[in-house]
Amino acid sequence: MSIHTPKIEKKVTLSTIAKMKGKEPITMVTAYDALFASLFDGEVEMILVGDSLNMSFYGKPDTLSATMDQMIYHTQAVCNGAKLPCIVFDMPFGSYLTPQQALENAARVYRETDAQAVKIEGGREKVEVVRALADNGIAVVAHIGLMPQHVRSEGGYKVRGKDAEDIERLVDDAKALEAAGAAMVLVEGIKSEAAKAVTEAVSVPTIGIGAGNVTDGQVLVWSDMFGFFEAFKPKFVKRYVAGAKLIREGIEAYRNEVKERIFPDTEHSY
Ligand code: KIV
């Protein structure tokens, strides 16, 4: 029996999150399956089913080949495992190229999963997409700054907001997205000064990743923060657990015990 007491006891809605701006930092992590989602249930306000799963779970070099089917499948699993957090579906690359296509795909997310919002990457150029979704009752998290789906077109992952001109651009993007109906703005890989300016410029909550300690909330990719993904570690990732090391120790102990006929012992046999 679990002796763990969850910190959050009621379902977290988008209006709960909206009210937290400027009052209490919002916690968000990614999850891709029911097992881990159930461990995060009651601990964080939000779960993002990120297309980062394409890299950490599917072993791909970037997020670009993630598909709607794949994201729906993982979001259903996460929704089965976690009942309390507000769950956000990450729209994969190529699934929101036009307002109509975005609407059809996002409507499918609401029909086939219990996710409460969808996330799309893009600034002012995505205003019409955000408006089409918001006007049709679909909540949108707008992702600006370093956008992983742009990795090929931009030739890498580039930190943004390094000068006044770019900060102004990010602020204008955030304001335009909020005006179009975005329920939240996620800022990734931007200087703290830029994140602060964006957070102060909009009345919706901002969630940061690699954006300093100035946003309304924080998000981390679970396989990074728990040390399971070791291929590379961005500067902003803090590893709270040495996950991969623990698993390696466990698998080595199992292998040795099987080879030496120590496992299974009488305690683990019928
Ligand atoms: O896919 C993802 O996990 C994300 C986070 C990096 C915010 O978009």
Side-chain angles (χ1 to χ4, degrees), residues 17 25-33 36-37 40 44-68 70-75 77-78 82 85-96 105-106 109 113 115-123 126 139-152 154 156-161 170 174 177 182-190 195 198-199 205-212 215-226 228-229 231-239:
I17 300 293
I26 301 156
T27 52
M28 185 190 216
V29 292
T30 66
Y32 314 130
D33 62 69
F36 274 84
F40 307 150
V44 288
E45 281 87 20
M46 302 185 76
I47 287 184
L48 170 68
V49 188
D51 61 358
S52 50
L53 66 81
N54 207 46
M55 297 169 77
S56 48
F57 268 52
Y58 286 77
K60 298 284 172 101
D62 57 39
T63 61
L64 275 72
S65 55
T67 65
M68 278 299 294
Q70 191 183 339
M71 296 303 298
I72 293 261
Y73 172 84
H74 286 275
T75 304
V78 167
C86 177
I87 294 174
V88 179
F89 177 100
D90 206 3
M91 298 285 282
F93 178 70
S95 68
Y96 52 97
N105 280 321
V109 174
T113 79
Q116 281 129 290
V118 300
K119 177 169 85 61
I120 65 160
E121 294 183 13
K126 286 292 171 206
V140 185
V141 176
H143 180 155
I144 61 171
L146 185 161
M147 294 177 281
Q149 292 180 6
H150 292 208
V151 63
R152 293 190 205 169
E154 287 179 7
Y157 299 104
K158 309 251 167 74
V159 174
R160 297 273 314 271
L170 289 163
L177 292 159
M184 233 170 286
V185 177
L186 189 148
V187 287
E188 176 166 1
I190 68 174
V198 169
T199 300
T206 58
I207 307 287
I209 175 163
T215 46
D216 297 306
Q218 296 290 331
V219 57
L220 280 177
V221 171
W222 84 262
S223 41
D224 288 340
M225 68 189 287
F226 298 133
F228 284 98
F229 187 70
F232 59 89
K233 189 186 93 59
K235 177 179 161 65
F236 62 82
V237 169
K238 179 167 177 181
R239 287 188 177 146

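The shown structure was predicted, so the numbers you read here are calculated from the model rather than taken from an experiment. Counting convention: from 1, in listed order, for ligands and their atoms alike.
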Hey, does Glu121 come in under 3.5 Å of ligand 1, counting only N/O atoms on both sides?
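By distance alone, the answer is no.
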For ligand 1, which is the ligand I care about here, please tell me if Glu188 has any N or O atom under 3.5 Å from one of the ligand's N or O atoms.
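In fact, backbone or side chain, Glu188 has no N or O that close.
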Looking at [X], which atoms of ligand 1 are within less than 4.0 Å of one of its heavy atoms?
X: Gly50; answer: 1 (O), 2 (C), 3 (O)
X: Asp90; answer: 1 (O), 2 (C), 8 (O)
X: Val221; answer: 3 (O)

Give a yes or no on whether the backbone of Asp216 and the side-chain of Thr206 come within a donor-acceptor separation of less than 3.5 Å.
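Such a contact is found between Thr206 side chain and Asp216 backbone.
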Looking at Thr215 and Ile207, would you say the former's side chain and the latter's main chain have a donor-acceptor pair under 3.5 Å?
no
Is the count of non-hydrogen atoms from other residues, nucleotides or ligands lying under 6.0 Å from Phe228 atom CZ greater than 12?
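More than 12 within 6.0 Å, yes.
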Check this for me: Tyr157, atom OH, are more than 12 non-hydrogen atoms of other residues, nucleotides or ligands nearer than 6.0 Å?
yes
Nearest protein heavy atom to [atom], by residue and atom, and its distance?
atom: atom 5 (C) of ligand 1; value: Leu48 CD2, 3.8 Å
atom: atom 8 (O) of ligand 1; value: Lys119 NZ, 3.0 Å
atom: atom 3 (O) of ligand 1; value: Ser52 OG, 2.5 Å

Parallel, tilted or perpendicular: ring planes of Phe226 versus Trp222, cut at 30 and 60 degrees
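Tilted.
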Please classify the Thr30 to ligand 1 contact at 4.0 Å (heavy-atom distances, strictly less than): side chain, backbone, both or neither.
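Side chain only.
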Candidates Gln149, Lys60, Lys119 - the one meeting side-chain hydrogen bond (donor to acceptor under 3.5 Å, both in side chains) with Asp51
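Considering Gln149, Lys60, Lys119, a side-chain hydrogen bond (donor to acceptor under 3.5 Å, both in side chains) with Asp51 is found only for Gln149.
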Pair Glu188, His143: side-chain N/O donor-acceptor within cut-off below 3.5 Å:
yes
